Amino acid sequence: MTASDEFGHLDTPLEASNSPALTFEVFARCSKTKARASKMHLPHYKAHTPMFMPVGTMGSIKGITTKQLEALDCHVILGNTYHLGSRPGPELLEKAGGLHKFMTWDRGLLTDSGGFQMVSLLKLANITEEGVEFENPHDGQKMMLTPEMSIGLQNAIGADIMMQLDDVVSSLTTGPRVEEAMWRSVRWLDRSIKAHKRPTEQNLFPIVQGGLDVDLRTKSALELVKRDSPGYAIGGLSGGEAKGSFWRMVSLSTDILPTNKPRYCMGVGYAEDLVVCSALGVDMYDCVFPTRTARFGNALVRTGSLSLKQGRYSADFKPIDKDCDCPTCANYTRAYLHTTATKETTGCHLITVHNIAFQMRLMRDIRQAIVEDRYPAFIREFMRIRFGKTVPMWIVGALQSVNVDLTVPDSSGYSAEPVADDFQKTPNAEPEL
Amino acid sequence: MALRFELASAKASATSAPRRGKLVLDRLVGGDVGAERPAIMLETPSFFKYTRHGLQPHLVLEVAAEVDALPPATRVQLEDFLDSDTPDCNQFEGGLHKFIALDTTEILMLDTMDPTITVRTAKPTNTYMAIGSEGGTRRLTPNLFAQLVNSLKPDIVIPPADIVEEPLPSLTQGKRISKSVTRSAKWLDECMAALTHPVAVFAPVVGSHSLELRTIAAKALAARHDIAGYTFNDVCLALPLEHKLRLVQHSLELLDASKPRYMLGASAPDAVLRAVLSGIDLFDSTYPYAVTEQGLASTYVLGEDDSTSLLPHCLDLWQEAMFADFGPLVDGCTCFTCRSHHRSYIHHLLKTKEMLATVLLQIHNMHWYQRFFDNIRRSLERGSLATDAALFFQRYGCEELPSSTNEQNKQAGRPFSELDTLAAQLCSPTTKIQRKRHAESQAI
């Protein structure tokens, strides 16, 4: 499953950027959309984008060994600073030589700042100019996470990419708080840059904020670009906002952020989100969804997902996906997985492996389509399989903005009839074999 | 397909003495005449790999492959698949090997029950063995069992028997045991009559703690010509091991000594040694699973050196001392876990309830168990098993035989008692998946 020959014949980048710890080379651009396929040279690994990063919260991806992750062709995985900062803590991680050595993973690592977890997990998180004030869940003591402390933790963890501590505001919030958070995040970025002790070994990415406000988001992106960072993240989204607003904010951000640097959309997501956002010019993604849903017995497929616990699979002797070459699909039937999903850890692992393979294969297919300049056709085919005619309106709108109009029939006669639902809950009927 | 058992020594006259042997399975491939697969060989004493829903606990195929030199023998229990009265896996045309993606170079044994579940409430009747499941009590008649075997096509089967579960002797025990002997014999007959697939039957040797009834049961089995081996899965679980082994030996005196003997409930290393010395050939790997579930890594060694100083039989990865320990689980261990990871990381995984903890520990504990059996066979070949075992008991502080109840074993902090702890454990340390029918057994 190696992706090493993806850019085979392409050896001259169309554009590139060289930062102390990151080189980004765009090798192919879609002639219709804003999609691009690139190589990102990180201290530990040469990743290919657009790229999906599975989330390994506490230093492992839910029961999967690092050897399995390599076999699944994962390039970069995520670790959570908040969790790792409490256990095992920065001193131990430093002693171990960083998270790479601690967990025996020698490819790419990315850590978030810890801010998001704090705000979503803790009861009394009070945000001040200094930082995030919270109650330590173990002893009730008042503690503070400042941008400097977050960088300190992330320096100890040693990931290839670190995220700035940002003033995270729910995407559903309105009013002056959004602007306050946006400017504070910029100030916190500058403090983070100053506190960063390892700029030649680790990359610090700023996070574009501004909620769903065009003006604020524009200002945020422009400010961040002035800092000439190695890459940029698009934050404050994927929090339950209407998808129509979501895609507009993503696209606005990618229009302003430099094209010769990687753009990372945090917390995204479902397969259709990855396909659309790649068309909008995003290069990196992370989401707990594929690995989390696996533990509930849900296997990802191009039509949506299969809830393998359902009775209909008890005598279904097909693999999850006949086009998937992961070990689970090579060896097991849906019927077998039905007997063990949610009952045994091996049941979880089998579906987790498949779901990671699914995500990796999707990203490989996206990259391949961009390299061969047939991404619009790929998008259409993807949407046809995923939604049939009833494609959510937000997807149709987002794609139209980048010159792909699903409502116009293509040569096969397929066209979309947009529906209002933000996403399709039940999987599309499986296409006839 | 033919299963045969070859004893290393021609004089198999001593029925209750330890012996080296070889279980050999010749299996024809498909319908191809002359397209024989090389015979599968299992050197004994050895063990069948314990599985849950057909896979080794915590280890998916590519991870299980990291543990090398494991015996090519796997045991599966039917109760894991009885989600309905006739499970849908019955309709699967590839057979059980394919359903669980087990390589055909493995000997597959199909049993009815999970040996780690020690307390059962579902009561058998004259016509069926009762098996509790999420959807209700399943009725496993000998006929249904035979039908399933004919579709699933395992290599070895342990047919249903009426196992006496009541732990404490009582006045009515005699009648209960007598009924179990009659029923088990009747069920065996019905099962054999309905079997069409050529499986090797390892018949349960029943009689519980009644010597008289054990004699009747054993004599009846010895008179049969359609039995390939013997299973000891009935010895009343609350009895001390010494007592259990005497009951086993009593039956062995009357059985055909040239046939292989599989004993359940004797998976812990000290029990294995005592059982091997009493003439048992086959075990299962429930013990390493129990060790993993406690967050422990096995360290016990048989016969590799002469030291007698008291040693721990395992390493507790939960202890705070592991927090900054960057050494492998066991120095010099060549398993995947010890080569790739260190104690500090595994300790962290346990504390943060990450499933990878039990994956990594299981790899090590299976590797260690396999090494133990390797050493048993070598000891036997050298003729030094009795002395090596005595040294082992001394070294790990288990010269005293295990006491009569699981509670007492646990309380005493007795080494090798992880299976006793497992019996009462609610769920795996790193997940919220509840152990099957724990709630049911707690109701007793």
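Every chain is numbered from 1 and lettered A, B, ... according to where its sequence line falls, protein lines coming before strand lines. All figures in this text were calculated on a predicted structure; none of them were measured in a lab. These numbers come from the heavy atoms of this one structure, side chains and all, not from hydrogens, waters or symmetry mates.
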Shortest non-hydrogen separation from A/Phe102 to B/Ser344 and the atoms involved: CE1-OG, 3.3 Å
Close approach to chain A in residues 330-341 of chain B, criterion heavy atom under 4.5 Å: B/Phe336, B/Ser340, B/His341
CA sep, side-chain torsions, deciding dist, call: B/Gln91, A/Phe317, side chain to side chain contact (heavy atoms under 4.5 Å, CB included): CA-CA 9 Å; B/Gln91 299 172 43; A/Phe317 299 121; 4.0 Å; yes
Backbone N/O of A/Met58 and side chain of B/His348: donor-acceptor pair under 3.5 Å: yes
B/Leu82 CG to A/Thr339 OG1 distance, which is reported to the nearest 0.5 Å: 11.0 Å
Closest contact, heavy atoms only, A/Thr346 versus B/Gln56: CG2-O, 3.5 Å
By side-chain contact (heavy atoms from CB on, under 4.5 Å) - contacts of B/Lys353 (at least two apart): none
Atom group of B/Leu349 that falls short of 4.5 Å from chain A, counting heavy atoms: side chain
Contacting moiety of A/His83, where chain B heavy atoms sit under 4.5 Å: neither
Contacting moiety of B/Ile100, where chain A heavy atoms sit under 4.5 Å: both
CG-CG distance between A/Asn331 and B/Leu102, expressed to the nearest 0.5 angstrom: 10.5 Å
Nearest-0.5 Å distance, OG1 of residue A/Thr345 to CZ of residue B/Arg52: 8.5 Å
Choice from A/His338, A/Glu91, A/His349 maximising heavy atom contacts with chain B below 4.5 Å: A/His349
Qualifying side chain to side chain donor-acceptor pair (under 3.5 Å) pairs with a residue from residues 60-76 of chain B, counting only residues at least two apart or across chains: A/Lys67-B/Glu66, A/Gln68-B/Glu62, B/Thr74-B/Glu106, B/Arg75-B/Gln77, B/Arg75-B/Asp111, B/Arg75-B/Tyr262
Heavy-atom proximity to chain B below 4.5 Å, by part of A/Leu84: side chain
Closest non-hydrogen atom pair between A/Ala96 and B/Phe326, with its separation: CB-CE2, 3.5 Å
Closest-packed option against chain A by number of heavy-atom pairs under 4.5 Å, given B/Leu356, B/Asn90, B/Val63, B/Thr358: B/Leu356
For chain B, the option from A/Ser86, A/Cys348, A/Gly59, A/Gly63 that forms the most heavy-atom pairs under 4.5 Å: A/Gly63
B/Phe92, part contacting chain A, at a heavy-atom distance under 4.5 Å: both
For the student: nearest non-hydrogen atoms of B/Val359 and A/Thr65, plus distance: CG1-CG2, 4.3 Å
Chain B contact via A/Tyr332 - which portion, at a heavy-atom distance below 4.5 Å: side chain
Minimum-distance pair of heavy atoms, taken over all atoms of A/Arg87 and B/Lys351: NH1-O, 3.4 Å
Residue B/Tyr345 versus chain A: region with a heavy atom under 4.5 Å: both
Backbone of B/Lys98 reached by a side-chain donor or acceptor of A/Tyr336 within 3.5 Å: no
Among the listed options A/Thr342, A/Thr333, A/Leu350, A/Leu92, the residue most often paired with chain B at heavy-atom distances under 4.5 Å: A/Leu92
Sequence-distant partners of B/His342, side-chain hydrogen bond (donor to acceptor under 3.5 Å, both in side chains), two or more places apart: none
